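Right, one structure below, let's go through it.
Start at 1 with the first residue, then count along the sequence. Since this is a predicted model, take the numbers as computed values, not measurements. Read the numbers this way: they start at 1 and go in the same order the structure lists the ligands and their atoms.
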Amino acid sequence: MKQDQVKDYYGQTLQGSSDLKTDACCTEAAPPLHIRKALGAVHDDVSARYYGCGIVIPSELDGLKVLDLGSGAGRDVFALAKLVGPNGSVTGVDMTAEQLEIARSHEQWHAEQFGYDKPNTRFLEGYLEKLEELDLEPESFDLIISNCVINLCTDKPAVFKAAHKLLKPGGELYFSDVYADRRVPQELINDPILYGECLSGALYWNDFQSMAKQAGFIDPRIAEHRPLAILHPQIQEMLNPIKFASVTARLIKLEGLDTSCEDYGQAVIYKGGAQGMERIFDLDVEHQIEAGRVFPVCRNTLKMLTDTRFAKFFDVIGKGETHFGPFPGCAAVDVFGPTASEKIPTSSASAPVGGCC
Ligand SMILES: C[S@@+](CC[C@H](N)C(=O)[O-])C[C@H]1O[C@@H](n2cnc3c(N)ncnc32)[C@H](O)[C@@H]1O
């Protein structure tokens with residue numbers, strides 16, 4: 001069974017990030033200082049077992065209730081436990097007992113480091129395809145994260161649907177994963193190393209878009225993306241000519257979103273001050289909003305900024321009573337092409353060998 005094979009890979013085969021056959025652990029973007037500090041506060045034994053592919057920590061986390069799907073040894077859970085503060089909480093779910101054991105054995109240590117009376121973390125053993133069987137209340141989470149895990153899931157639509165149910169309105173699924181520029185052939189999916197290393201289970205990008213929308217996330221946004229270079233000759237040969245990209249997506253749960261970007265003549269002014277984005281608010285790769293500037297937005301973007309925890313940072317211009325047609329300048333992002341963001345290195349010389357676990 002695929003899940004037993006993956007469990008074995010993360011429970012027995014890999015003992016740390018350096019054991020990855022494709023040298024795939026490749027988070028490269030430099031996050032804001034407060035996130036770097038939180039990641040730096042995580043115990044070394046936990047960090048050594050990090051198999052993620054992106055930074056899954058958005059801004060403004062104080063007091064939030066967070067869920068991590070496929071939390072592994074807990075690196076992101078503990079960093080978030082510091083950032084949400086003692087009034088917030090972070091729950092990790094994973095199916096691999098060995099990973100959970102490491103995470104659980106470090107809960108008290110992190111609580112003490114952060115100066116909390118008791119841990120604000122908990123770890124549950126279970127399958128992401130069966131989240132409804134776990135002690136997780138519907139519409140109770142402000143933020144759901146996941147780091148290089150959904151590609152390993154056998155029923156990906158079920159995971160997106162369950163995440164949508166578990167989020168509060170205005171909450172978001174903010175997650176990193178690997179995607180392919182076409183549907184990966186079954187013989188490659190059957191290869192345990194290509195699958196375990198987060199390559200051959202990757203969703204075709206267009207299938208991901210449809211799946212997210214079907215789950216209720218009508219307007220998926222891209223927070224970061226970068227192409228993956230497969231430099232390992234044997235693996236490159238096996239996968240050629242499929243292109244892979246690591247993408248951090250932002251799926252915000254909102255009612256009444258348009259299926260395309262529509263112009264209602266509205267704009268926002270960012271007041272500044274969101275944590276780590278004091279002068280430029282970074283919603284996604286297409287929306288970097290400078291403080292103090294009138295910034296025209298489509299109706300969906302307006303909702304993402306004002307029907308969410310970010311509302312207090314924005315003034316709105318325009319009542320939105322008249323529809324002026326499609327919002328100008330809305331185009332699909334090519335996640336397999338060079339990244340637009342200056343934060344992300346593009347050199348294939350510095351890129352890792354394989355996918356991004
Ligand atoms: C690539 S690792 C990433 C772990 C962690 N997110 C990190 O960044 O270090 C994948 C993790 O997902 C877990 N996993 C994979 N498929 C799963 C599933 N269907 N249900 C629950 N956990 C799963 C594995 O046990 C493993 O710990």
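Of the listed residues (Val149, Asn147, Val6, Asp94), the one carrying the non-hydrogen atom nearest atom 27 (O) of ligand 1 is Asp94. Proximity annotation for atom 4 (C) of ligand 1: of Cys198, Gly70, Cys153, Gly70 comes nearest, heavy atoms only.
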Can you give the donor-acceptor pairs under 3.5 Å from side chains of residues 247-257 to other protein atoms, not counting sequence neighbours?
unit_1, atom_1, unit_2, atom_2, d
Thr248, OG1, Ser176, OG, 2.8
Arg250, NE, Glu172, OE1, 2.6
Arg250, NH1, Leu283, O, 2.9
Arg250, NH2, Glu172, OE1, 3.4
Arg250, NH2, Glu172, OE2, 3.1
Lys253, NZ, Glu139, OE2, 3.0
Lys253, NZ, His164, O, 2.8
Lys253, NZ, Leu167, O, 2.8

Less than 3.5 Å apart, which donor and acceptor atoms pair up between the side chains of residues 80-94 and the rest of the protein, not counting sequence neighbours?
unit_1, atom_1, unit_2, atom_2, d
Thr91, OG1, Arg122, NE, 3.1
Asp94, OD1, Thr96, N, 2.9
Asp94, OD2, Ser71, N, 3.3
Asp94, OD2, Gly72, N, 2.8

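Residue contacts with ligand 1 for Gln99 involve side-chain atoms from C-beta outward but no N, CA, C or O (heavy atoms, distance under 4.0 Å).
Remark: Arg104 is not positioned above the aromatic ring of Phe123, lacking an NZ or CZ atom under 6.0 angstrom from the ring centre and at most 45 degrees off the axis.
Side chain of Arg279 to main chain of Gly272: no donor-acceptor pair is present (N/O by atom type, distance under 3.5 Å, no hydrogens or angles).
For ligand 1, one of its N or O atoms has an N or O atom of Thr96 under 3.5 Å away. Ligand 1 has an N or O atom lying under 3.5 Å from an N or O atom of Glu129, backbone or side chain. Between Tyr127 and ligand 1, no pair of N/O atoms sits closer than 3.5 Å.
For the pair Leu305 and Ile289, the minimum side-chain heavy-atom distance is below 4.5 Å.
For Phe310 and Phe281, the distance between ring centers is under 6.0 angstrom.
By the 6.0 Å contact criterion, CD on Glu237 is open, its count of non-hydrogen atoms from other residues, nucleotides or ligands being 12 or less. Within a 6.0 Å radius of CG in Asp117, no more than 12 heavy atoms belonging to other residues, nucleotides or ligands are found.
If you number the atoms of ligand 1 from 1 as listed, the ones under 4.0 Å from a heavy atom of Tyr50 come out as 7 (C), 8 (O), 9 (O). For ligand 1 and Gly52, the ligand atoms under 4.0 Å from any heavy atom of the residue are 7 (C), 8 (O), 9 (O). Each of the atoms 20 (N), 21 (C) of ligand 1 lies under 4.0 Å from some heavy atom of Gly126. Listed by number with element, the atoms of ligand 1 under 4.0 Å from a non-hydrogen atom of Cys148 are 1 (C), 10 (C). Each of the atoms 10 (C), 15 (C), 16 (N) of ligand 1 lies under 4.0 Å from some heavy atom of Leu152.
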